[in-house]
Amino acid sequence: MSGERYNPRESEPKWQKVWDEHKSFVTANDDPRDPYYVLEMFPYPSGRIHMGHVRNYAMGDVVARYHRARGMNVLHPMGWDAFGLPAENAAIERKTHPGAWTYQNIEAMKAQLKSMGLSIDWTREIATCSPDYYKHQQAMFIDMLEAGLVTRKSSKVNWDPVDMTVLANEQVIDGKGWRSGAVVEQRELTQWFFKISDFAEELLEALDGLTGWPEKVRIMQRNWIGKSEGLRLLFELQASEKTDATSIEVFTTRPDTIFGASFIGLSPDHPLTTQLATASPGLAEFVAECHRHGTATETLEKAEKQGVDTGLRVKHPVIEGETLPVYVANFILMDYGTGAIFGCPAHDQRDLDFARKYGLPVKPVVLPPDTDPASFAIGNEAYVDTGNIFNSGFLDGLSIEDAKKAIAEFFAARTVDGKPQGKIEVNYRLRDWGISRQRYWGCPIPVIHCEVCGTIPVPKKDLPVVLPEDVTFEKPGNALDHHPTWKHVHCPQCGAAARRETDTMDTFVDSSWYFARFTAPDADTPTIPAVADRWLPVDQYIGGIEHAILHLLYSRFFTRAMKATGHVGLSEPFKGMFTQGMVTHETYKGEKGEWVPPTDIVIESEGETRSARHATTGAPITIGSVEKMSKSKKNVVDPDEIVRTYGADTARWFMLSDSPPERDVQWTESGVEGASRFQQRVWRLVNDVVGIAQQSSDTVASDSADALGLRKIIHRAVAGVAQDIEGLGFNRAVARIYELTNALAKAKEASKGPELVTTLREGVEKLVQLINPMMPHLAESCWEVLEKQGLVADAPWPEVDQALLVDDEVTLPIQINGKRRGEITVAKDLPAAEVEALVLALELVQKALDGKAPKKVVVVPNRIVNIVV
RNA sequence: GCGGGCGUGGUGGAAUUGGUAGACACAAGGGACUUAAAAUCCCUCGGCGCUAGCCUUGCGGGUUCGAUCCCCGCCGCCCGCACCA
């Protein structure tokens, strides 16, 4: 019997080496077993892993190790999302090369990840900044360009003045750059775009099939794509010397309210506005004002509705002889619909605010149910609910839906400017994905601009277009553009002097296909389609909710684009998706309000109350709220530190315990200590049981009632943990393992003689296998103590004796009038009538009945009995 | 404003989604062992009575033999989107 404590510091590196030598986690593509692909979102090589990584990779590793034990061929790779701005910033600060900084960080983080004992196939490691990776991305870009999935167009872009680069709409949060936090400006630039909007409908529809995704993420994507069905409608302009235009085209989702129209609104960026502004200083000033406010003042402040009357008028399309004024209004967006609307103030709040301000008519045309049309009037709130159309000529009496159909048919039959006046149209909020970034540390866009031939792709034989090494970052902006020679090339078509594209790709492109590259990381082509199709879609993808829209939507698009260009045979990259919660920690503040890291404080508790003081100075510390671990609040705990003190298994176990994985988990010192205590407890238990077994040479058959009871507990735990892991309920699996451990420890104490030894031994063996996905090092050490063959990492998941999962007796609670009053143990599946007879005969029931017959007796087989008196 | 989620002991959370509410863990209190500490082990732990009983899943109603779960109305917190016509 070993009285020694388990020492993770010795044992963890030992087992990591053994796994390495055994190539335990190297996956072969030609392995005939069923494939299972589990992937955690790959990290940005910032230099150090944080607790969020630990949680993420611990979860993925449990899934990987479990499915491996289940006999599947598991692919569990790791790589680096290695391009990006921080490397350039570091280069400026440290006068080093972004690549050198990045690869240094990769080495450091790789060592940290290895110390966690993750079952990763490191032979498949990829870094997106390697030409071996990005040359394939360039090849696919050219394929997609040729397939018409890429376009170059001039457009208004979000310009981040701090990072000096363009941002996609998705990267602008509350009017600020997602990384720099700087207020984003609008600029007109020629940019490369992926035509993701061509896939809007497909990306939307396919969401219904993603049943392995959180509903929340699907809803977020649905809202982001933002489909709306409506009518494109032409309004005839009355002749005016101000413009040659003869009509204005608007988009509306409420054509049923056309009889209530009282004005036309143009976006400040509408071409007609621009034209009119050249002749109207007042309008020009208004447009300029809108631009100042447009993105500079955030969207949060409820900008007042403002507009300028252009003096133009359009014919009311359904009321003969009436005309409507044309305004330029600040609340109309150019990049949605047509950049022009018709305003129906009675049934749209914005239009109502606008109409009230400028004294425009407010005519209700939708009558709420059970309302008197004579007395119905609009106050300061537009009526946007259901009802029937009135005040609307031939639409009167129709429902909103029927009126929409009727008016669409009506306008389809009429023409303005030789075109149908109305046309049903579907609009999406989703914009094309602008990928041009004016940065050095990214994948070069492989095209050449020639004065003669235009913009032409780099021939594939000339790939990769490699980033030059000799760059300086002294000037702000794009170091690639500043390079003296790199961009000067000859046109591959005509040989004339030409210029390389110096923009690089958004790093979200890099992460939109890395999961496919992992399936054949050394292939000469971006993928080996047959191999990719065998592994993909990823069975279980795990990562943060912050990527619910951007990364996941881009990856879904890119997979479709890869399918269209023959690189994969499927459309959806991720079958199962799981978004894990954040790791939080208490915050601490010193006397001057400065943040203090947890390592610098000492917590003192007296009974229920906790207080803190500074570890070295003794100064009082205020314990603040629990927040996401962040450098700025200094409430971070370093994984290295934890691994050194408690071991990787303890950190993993704690990250998986207690909190459901999708929710935030709070890191606490006592929680880690609890996890560490459990580790020792398992170690002691296994050693004790082995010791007892050695002392009793007698192996008595384990068929006593006690042994049978214990075996039931063991087999139930095995079945339950499997079920919990499959449902990603790691906290529940942990609770079950605690229960099993408690039961085994109790049985060990109770067992004085040899009678339970065989069962106890079975119990600890299975316990070790159950903890293996979570605490793999401890499991190997225990496996060794148990003198089992081979590694537990290679051992199959323990068999469950199904017969032990069913009881032949059940204990039913007895309720009287719905309140629990007792219980009865009967044979399983005993007919209801017999149960009823037994229960009615009980003394407590007789007493409650007091000689009367029960009003009702409800017997739910194997569940409950309820007697109504 | 629109969309979605959540609310259970001192704390994190269980509860086979209509069938014994509070599993498991943390914290706390008491005890054993020890010269002492650590470690370990045992006991108590929703509230009021403390004996038999009553109350208890944010609040108020409803459906039901039975509601943490379903319906209606409030209150509070969190997340996403946001002038999208």
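So that the names make sense, note that chain A is the first sequence line, chain B the second, and so on, each numbered from 1.
Using a 4.0 Å heavy-atom distance criterion, A:Arg821 is classed as a sugar-phosphate-only contact. Backbone-only contact: A:Glu739 has heavy atoms under 4.0 Å from sugar-phosphate atoms and none from a base. Across all strands, A:Val858 comes closer than 4.0 Å to base atoms (heavy-atom distances). When heavy atoms are screened at a 4.0 angstrom cut-off, A:Asn742 is found touching the sugar-phosphate backbone but no base atom. At the heavy-atom level, A:Arg254 lies under 4.0 Å from the strands shown only through sugar-phosphate atoms. Within 4.0 Å of A:Ile219, counting heavy atoms only, lie sugar-phosphate atoms of the nucleic acid but no base atom. Note on A:Asp348: nothing from the nucleic acid sits closer than 4.0 angstrom, heavy atoms only. Heavy atoms of A:Ile814 sit nowhere under 4.0 angstrom from any nucleic acid atom. Across all strands shown, A:Arg677 has heavy atoms under 4.0 Å from sugar-phosphate atoms exclusively, and none from any base.
As rounded to the nearest Å, B:U20 and B:A67 have C1' atoms that lie 14 Å from one another. With both ends at atom P, the span from B:A25 to B:G46 equals 15 Å, rounded to whole Å.
Under 3.5 Å, the side chains of A:Gln221 and A:Arg556 contain a donor-acceptor pair of N or O atoms. Residues A:Ser228 and A:Tyr336 have side chains that bring a donor and an acceptor to within less than 3.5 angstrom of each other.
In this structure, B:C6 forms a base pair with B:G76, meeting either the Watson-Crick or the G-U wobble geometry with both donor-acceptor distances under 3.5 Å.
Taking the six-membered ring where tryptophan is involved, the planes of A:Phe259 and A:His316 are tilted, since the angle between them lies from 30° to 60°.
Taking the charged nitrogens against the carboxylate oxygens, A:Glu215 and A:Arg218 do have a contact shorter than 4.0 Å, which makes a salt bridge.
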